[in-house]
Amino acid sequence: MHIPDGYLSPATCAVLYAGSAPFWYVALQRVKRALHTRLVPLLSLFAAFSFVIMMFNLPLPGGTTGHAVGVGLAAAVLGPWASMLAISIALIIQAFFFGDGGITAIGANCFNMAIVGSLAAYGIYRVLAGRSAITSARRVMAAGVAGYAAINVSALFAAIEFGIQPMLYRDATGAPLYCPYPLSISIPAMMIGHLTIAGLAELVVSAGVVAFLQQSDPSLLKTAAGPVEKTEEVPTGRATLRPLWVALGVLMTLTPLGILAAGTAWGEWVASDFANPTARQEMAAASLRQAPPTRAPEGLERLAGLWTAPFARYAPPMVRSAAFGYVLSAMFGTGLVVLASLGVSRLARGSGSG
């Protein structure tokens, strides 16, 4: 779902930047109200978690890859607004430093995964959890279903954005200028993998971590819980977040597992792949046997080289070992995400004092 540069028209990108901006603004205002709570360190933690979990690529049907996002978990712990900021921060760092998603498509990727994903996850979580106790199994189920649904809604939005491009933007000969695949291909190609593998990964992550928090620090689940019918003793003390940071560190060391999955995520092929026979076969296999154009669409090729990330594909150029480079990218990216999260908090504090 990390849409690269060139797959969406500049007009589409501008609309999605504009559509994301009001949500970012409201989210920043909501975070400003909670600066003196545990929300700020939690924002950093779950933004970092989202960054790392997205590095674990999974093989999907058709020979492509996908991953969990962590949006279901973030929404169930932080609520929708802080979740939007957390996932957005992770996506922006990925785009600028690692080339995972395009610079022009940041608005689109944040709209799909951070904004739509957070709203969908939070809404479904609240409906399914109802007024159940914070430590109830019902909330674990609700978080899992919310994560599964949210990542699939996000994928559907991305598929639609891909699929409308050849309907709206063609050159004088009628050839697509940007993404070449219509809705009849983009929607099933995107959704099959997410309804099966990626969605289940999001379900397991969301439900599993919520179940862990119920045992270790259920007070973390109070922010997004809403009204709770059953009276229960939920500790309100400041339990340490150290176990969660330790778990994140363990995940970082395991990130090389994410490079074992062969293939490229659907819609994330580079411009040169359109002329590569092997890559063309992979693209066709992942696109309902529909062969891609013999060369990259003109607009896609023009925009694809707009930004060169310093650590593209999570492979630092000075590191020979792919696995070690992947771990270093996870560590460096996590540090950047935490710094960016703290910067957002300072920005909110500054806007509050003004």
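Note that the structure is a prediction, hence the values are computed from the model and not measured.
Other residues sharing the hydrophobic cluster of I124, ordered by chain and number and joined by side-chain separations under 4.5 Å: L128, M141, V145.
Rounded to the nearest 0.5 Å, atoms SG (C179) and CG (L300) are 8.0 Å apart. Taking CE of M84 as the start and CG of L43 as the end, the distance is 13.0 Å to the nearest 0.5 Å. In this structure, CD in Q165 is found 11.5 Å from CZ in R170, a value given to the nearest 0.5 Å. Taken from CG in L45 to CG in L39, the straight-line distance is 11.5 Å, to the nearest 0.5 Å. The distance from the OG atom of S186 to the CE atom of M191 is 10.5 Å, given to the nearest 0.5 Å.
Every residue two or more places apart in sequence or in another chain that forms a ring pair (Phe, Tyr, Trp, His ring centres under 6.0 Å) with Y169 is listed here: Y178. L168 meets the side chain to side chain contact (heavy atoms under 4.5 Å, CB included) test with I164; sequence neighbours excluded. For the side chain to side chain contact (heavy atoms under 4.5 Å, CB included) test, residues two or more places apart in sequence or in another chain that qualify with A211 are V140. Taking F51 as the reference, F98 meet the ring pair (Phe, Tyr, Trp, His ring centres under 6.0 Å) condition, with sequence neighbours excluded. Applying the side chain to side chain contact (heavy atoms under 4.5 Å, CB included) criterion to P316, with sequence neighbours excluded, gives F311, M318, V319, S329. R295 meets the salt bridge (charged side-chain N to carboxylate O under 4.0 Å, His left out) test with E301; sequence neighbours excluded.
Hydrophobic clustering (ILVMFWY, side-chain heavy atoms < 4.5 Å, transitive): F212 and L42 are in one cluster. Residue V15 is not grouped with residue W24 when hydrophobic side chains (ILVMFWY) are merged at heavy-atom distances under 4.5 angstrom, including chains of intermediate members. Both I87 and I106 belong to a common hydrophobic cluster when Ile, Leu, Val, Met, Phe, Trp and Tyr are linked at side-chain heavy-atom distances under 4.5 angstrom.
Annotation: E268, atom CD; neighbour count of heavy atoms from other residues, nucleotides and ligands within 6.0 Å is above 12.
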Pair up each side-chain donor or acceptor in residues 150-158 with any protein partner under 3.5 Å, not counting sequence neighbours, and list the distances.
{"residue": "N152", "atom": "OD1", "partner": "L195", "partner atom": "N", "Å": "3.1"}
{"residue": "N152", "atom": "ND2", "partner": "Y148", "partner atom": "O", "Å": "2.8"}
{"residue": "N152", "atom": "ND2", "partner": "H194", "partner atom": "O", "Å": "3.4"}
{"residue": "S154", "atom": "OG", "partner": "N112", "partner atom": "O", "Å": "2.7"}
{"residue": "S154", "atom": "OG", "partner": "A150", "partner atom": "O", "Å": "3.0"}

Could you tabulate the donor-acceptor pairs under 3.5 Å formed by side-chain atoms of residues 247-265, not counting sequence neighbours?
{"residue": "T253", "atom": "OG1", "partner": "V250", "partner atom": "O", "Å": "2.6"}
{"residue": "T255", "atom": "OG1", "partner": "M252", "partner atom": "O", "Å": "2.7"}

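Between the side chain of Y181 and the backbone N or O of Q290, at least one donor-acceptor pair lies under 3.5 Å. R289 places no side-chain N or O within donor-acceptor distance of the main-chain N or O of A284, the cut-off being under 3.5 Å. Of the possible donor and acceptor atoms, none in the side chain of E161 sits under 3.5 Å from a partner among the backbone N and O of L8. No donor-acceptor distance shorter than 3.5 angstrom exists from the side chain of R302 to the backbone of P297, with no hydrogens or angles considered. No side-chain donor-acceptor contact under 3.5 Å links R280 to the backbone of A291.
Listed by first then second residue, pairs satisfying side chain to side chain donor-acceptor pair (under 3.5 Å) with a partner in residues 310-320 read Q94-Y314, D100-Y314, not counting sequence neighbours. Each side chain to side chain donor-acceptor pair (under 3.5 Å) pair with one or both residues in residues 101-110, not counting sequence neighbours, appears once here: D5-T104. For residues 43-57, the set of pairs meeting the side chain to side chain donor-acceptor pair (under 3.5 Å) definition, not counting sequence neighbours, is empty.
Looking only at atom types and distance, the side chain of S287 has a donor-acceptor partner in the side chain of W266 under 3.5 Å away.
Proximity of the aromatic rings of W81 and Y122 is defined here by a centroid distance below 6.0 angstrom, and this criterion is not met.
Nearest heavy-atom pair across A143 and V210 is CB-CG2, 3.6 Å.
With contacts defined as side-chain heavy-atom distances shorter than 4.5 Å, the pair M1/M54 does not qualify.
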